[in-house]
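For reference, the structure discussed in these notes is given below.
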Amino acid sequence: MRIEELPVDERIRRVILGRGIEELYPPQAEALRSGVLEGKNLVLAIPTASGKTLVSEIVMINKLLREGGKAVYLVPLKALAEEKYREFKAWESLGLRVAATTGDYDSTDEWLGRYDIIVATAEKFDSLLRHGAGWIRDVKLVIADEVHLIGSYDRGATLEMILSHMLDKAQILALSATVGNAEELAGWLDATLVVSDWRPVELRKGVFHLGELMWEDGKRESYPENWESLALDAVRKGKQALVFVNTRRSAEKEAVSLSSKMARLLTKPEVRELRELADSLESNPTNEKLKRAIRGGVAFHHAGLSRAERTMIEDAFRDGLIKVITATPTLSAGINLPAFRVIIRDTKRYSGFGWTDIPVLEIQQMMGRAGRPKYDRVGEAIIVARTEDPKTLMERYVKGKPEKLFSMLANENAFRSQVLALITNFGIGNFRELIDFLGRTFYFHQRKDTSSIEYKAKDIVYFLIENEFIDMDLNDRFIALPFGKRTSQLYIDPLTAKKFRDAFPKLEENPNPFGIFHLIASTPDMATLRARKREFEDYLDLAYEFEEKLYTEIPYYEDYGFQGFLGEVKTAKVLLDWINEVPEGRIYETYGIDPGDLYRILELADWLIYSLIELYKLFEPKKDVLSYLRDLHLRLRHGVREELLELVRLPNIGRRRARALYNAGFRTQDDVVRAKVRDLLAVEGIGMKVVEGLFRHFGVELPEKAKKGGKTAERRKKGTLDDFLS
DNA sequence: AGTAAACTACTCTAGACAGCATGTC
DNA sequence: CTAGAGTAGTTTACT
């Protein structure tokens, strides 16, 4: 279909033509002819990069221009929210306003009301629904990207509930990878189903075994025995490769190994640029390896890397500077990063209980990354058979069908939280209404029966009543109690809330960082670290040393959860080090973790301590305890000792600058106000920008000559805690 | 006896969503 | 029930 024939607002056609697109891909055309433009629901199951986004944009903008109202675009990752936000921003030329909201960004309610297109993570939108923001009424279209995540064990229930809520309130456009039972999904959503495996770049799939590459059509090619030759070959052809492995350690090892073999394939300018890139990285144990790999044009990519490093690697790969990325599943879904050749080294992964085959759906998503539109005529996806029979792999992953989607609503943890929300935030008034609502879910559509989930729901309701999240009156009507309502809005697991409340008496008696951090670490919402075997004794000793500070008993060795407990102690200790200004580098070393891990722990702890405070407020809080908790929250957020609390409240002053200021003798805000600009600039990490910010904060005019001068002092005053202590 | 190689037993393992906007009377 | 890589510790082989 030609864009000019598209039955949508003329302005939309103009924008698309302006992008140089004149013709729609076949599946796009089919999707747009399905009735979706007339308001019908649609499930669109087509490969990544075959133009789902453009379909969404056309449907979305057309709807907004014709009917007004709002459209919500749901994504599974914060990084994707950002990506989509930037893409949709282009439509602001038509007078529509675009916003993105995730846990990182602006939160509530009415602020978002001023926007027409709202990009949000599923959890964030769920949270917005719970808060009952007024503008939700105006949502006329919900687009759920990567809707197959409805089958994800821990996050699927959220998506399912959102769609159940919105089903008869808004038009639904569900974008899915190819799944085994798309028609079932469409049936639930009362939607037209469009399925296609058409791709703008042809995809060749094959299996590699001991030097022999067998394509799905039976053609064979010979290579050196080691699979690395596949990656090197791609680079030799002037292309790029993406290698998927199943552990961080493998990603790092393979990157370094490939890197050493690639040096001669690089040009002089590339070598120089790569060296610069490597040198720009901060120093820490993981980055040393990364630097080595990058100098040879290879990078590894996993969740231990910080946000900045990941983005840097992605950009350098897109620019063609980095030739090969070895990655854990961080790159298998999510951000758009195609490569000519995709090599899948592992098809099994360790998953808590043992080794499992990676689902077909996931492997096919990895394979779908092969082929860069505009650069490649074909993309190649190759599975490496190392121990498994190549024929089995060919059957299962290349020729096989992806798994069916199953509702994960009955997952106990997710369901507990959702049942609470239904009662406290969505006006479900009694058990009958609860069951009625469940009748609208994918779970019911799929199973045609709710008896087993009713049983679970009943248990949960009893649990909620027993723990005073809700109550029931004489007519068996639910009553939302403040504790329940707040728990639901804080978006924490009811079990977490219960743990907090049970700990309040002891906490009041003996508020201390270690006890509080351990409490946080022991909740199901926290991602705790694992204690290694050889660390067991250390953390057990630590626990006994701090026994009086803990709010729980130390378990016995035989107890279930003993190892988990040690992990909690380890996590608490990391947080304790953090607020005692132990430098990041030393934390990575001591605990064997990476920057991404630390960031994750801090992010979660920050959210949970806030929630702890909010819940404590509901139970006749003691003023001194409350202010103790608030100070601790601030210390946690900035990673500082108590004496820096005052400085850290200033704009752009974090743990490093605050310490530097303090060491230089500026110990209070008052000291800073009275300081000479020249003296402030002499402090490590403080430049003109920061000083300007400070003066603006205090509402003081910056002296004219300082503005012009602003020269940096020759000798900076050092600013670490060690400097202070020595 | 000294040392290097070979063998064995043990350890470890992916990812990533959510709140809210401060202050002591 | 299903792995595979790395490491720490132990035994064996050989001079």
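Here is the naming used below: chain letters follow the sequence lines, and residue numbers restart at 1 for every chain.
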Pairing annotation in dot-bracket form, given for DNA chain B with Watson-Crick or G-U pairs under 3.5 Å and | for cross-strand partners: |||||||||||||............
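Salt bridge annotation for D631(A)-R635(A): absent, with no cationic side-chain nitrogen under 4.0 angstrom from a carboxylate oxygen. A salt bridge between E146(A) and R155(A) is absent, with no side-chain N of the basic residue lying under 4.0 Å from a carboxylate O of the acidic one. Taking the charged nitrogens against the carboxylate oxygens, D346(A) and R386(A) do have a contact shorter than 4.0 Å, which makes a salt bridge. For the pair K78(A) and E603(A), the salt-bridge criterion is met [side-chain N within less than 4.0 Å of a carboxylate O].
When each of dA16(B), dT22(B), dG19(B) is scored by its nearest atom to the side-chain atoms of R649(A), the top-ranked nucleotide is dT22(B). Minimum atom distance to the side chain of R486(A) is reached by dC20(B), of the listed dA14(B), dC20(B), dC17(B). Across dA3(C), dG19(B), dC17(B), the shortest atom-to-atom separation from the side chain of H131(A) is found for dG19(B). Ranking dA18(B), dC20(B), dA5(C) by closeness to the K253(A) side chain, first place goes to dA5(C). The listed nucleotides are dC12(B), dA18(B), dA16(B); the one nearest the side chain of S127(A) is dA18(B). Residue T247(A) places its side chain closer to dA14(B) than to any other of dA14(B), dG19(B), dC17(B). Each of dT13(B), dA3(C), dA14(B) was ranked by its minimum atom distance to the side chain of K348(A); first place goes to dA3(C). Among the nucleotides dC12(B), dA18(B), dG19(B), the one closest to the side chain of T121(A) is dA18(B). In the set dG19(B), dA16(B), dT13(B), the nucleotide with an atom closest to the side chain of H633(A) is dG19(B). Checking dT22(B), dG19(B), dT2(C) against the side-chain heavy atoms of L634(A) singles out dT22(B) as nearest.
Using a 4.0 Å heavy-atom cutoff across all strands shown, Q489(A) reaches sugar-phosphate atoms only and no base atom. Contact annotation for D606(A): base contact, defined as any heavy-atom pair under 4.0 Å involving a base atom. Looking at heavy-atom distances under 4.0 Å, L604(A) makes contact with a base.
For the pair F500(A) CZ and dG19(B) C1', the computed distance is 12 Å after rounding to whole Å. Atom CD in E535(A) sits roughly 14 Å away from atom P in dA8(C) (whole-Å rounding). Atom pair R345(A):CZ and dT13(B):P shows a separation of 16 Å (rounding to whole Å applied). As a whole-Å value, the separation of E603(A) CD from dC20(B) P is 15 Å. Regarding E146(A), its CD atom lies at a distance of 13 Å from the P atom of dA16(B), rounded to whole Å. For the pair R155(A) CZ and dA18(B) C1', the computed distance is 9 Å after rounding to whole Å. Between the NZ atom of K78(A) and the P atom of dG19(B) there is a distance of 9 Å, rounded to whole Å. Distance CG (L529(A)) to P (dA14(B)): 13 Å, rounded to an integer number of Å.
Side-chain contact, D126(A) with Y491(A): a donor N or O sits under 3.5 Å from an acceptor N or O. Side chains of E535(A) and Y591(A): a donor-acceptor N/O pair is absent below 3.5 angstrom, by distance only. N287(A) and E309(A) share a donor-acceptor pair across their side chains, judged by distance under 3.5 Å alone. For the residue pair Y350(A) / N246(A), no side-chain donor-acceptor distance below 3.5 Å is found, with atom types taken as modelled.
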From CA spacing to verdict: side chain to side chain contact (heavy atoms under 4.5 Å, CB included), R310(A), I335(A): CA-CA 11 Å; R310(A) 284 205 244 177; I335(A) 58 131; over 6 Å; no
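In this structure, R534(A) does not reach the dA8(C) phosphate: none of its side-chain N or O atoms is under 4.0 Å from OP1 or OP2. Between dT24(B) and S627(A), no contact under 4.0 Å exists linking OP1 or OP2 to a side-chain N or O. Here K124(A) reaches the OP1 or OP2 of dG19(B): one of its side-chain N or O atoms lies under 4.0 Å away. Checking the phosphate oxygens (OP1, OP2) of dT13(B), a side-chain nitrogen or oxygen of R530(A) falls inside 4.0 Å. The phosphate of dA16(B) has OP1 or OP2 within less than 4.0 Å of a side-chain N or O from R310(A).
By the 5.5 angstrom centroid cut-off and the 30-degree plane limit, W355(A) is classified as not stacked against the base of dT2(C). By the criterion of a centre-to-centre distance under 5.5 Å and near-parallel planes under 30°, the ring of Y350(A) forms no stack with the base of dA14(B).
Taking the six-membered ring for Trp and the full ring otherwise, Y616(A) and F504(A) have centroids separated by under 6.0 Å.
A gap of 26 Å separates the C1' atoms of dA5(C) and dA16(B), to the nearest Å. Taking the P atom of each, dT7(C) and dA14(B) are spaced 16 Å apart, rounded to whole Å.
Mapped onto DNA chain B by nearest heavy atom, S351(A) and R630(A) fall at different nucleotides, with S351(A) at the one closer to the 5' end.
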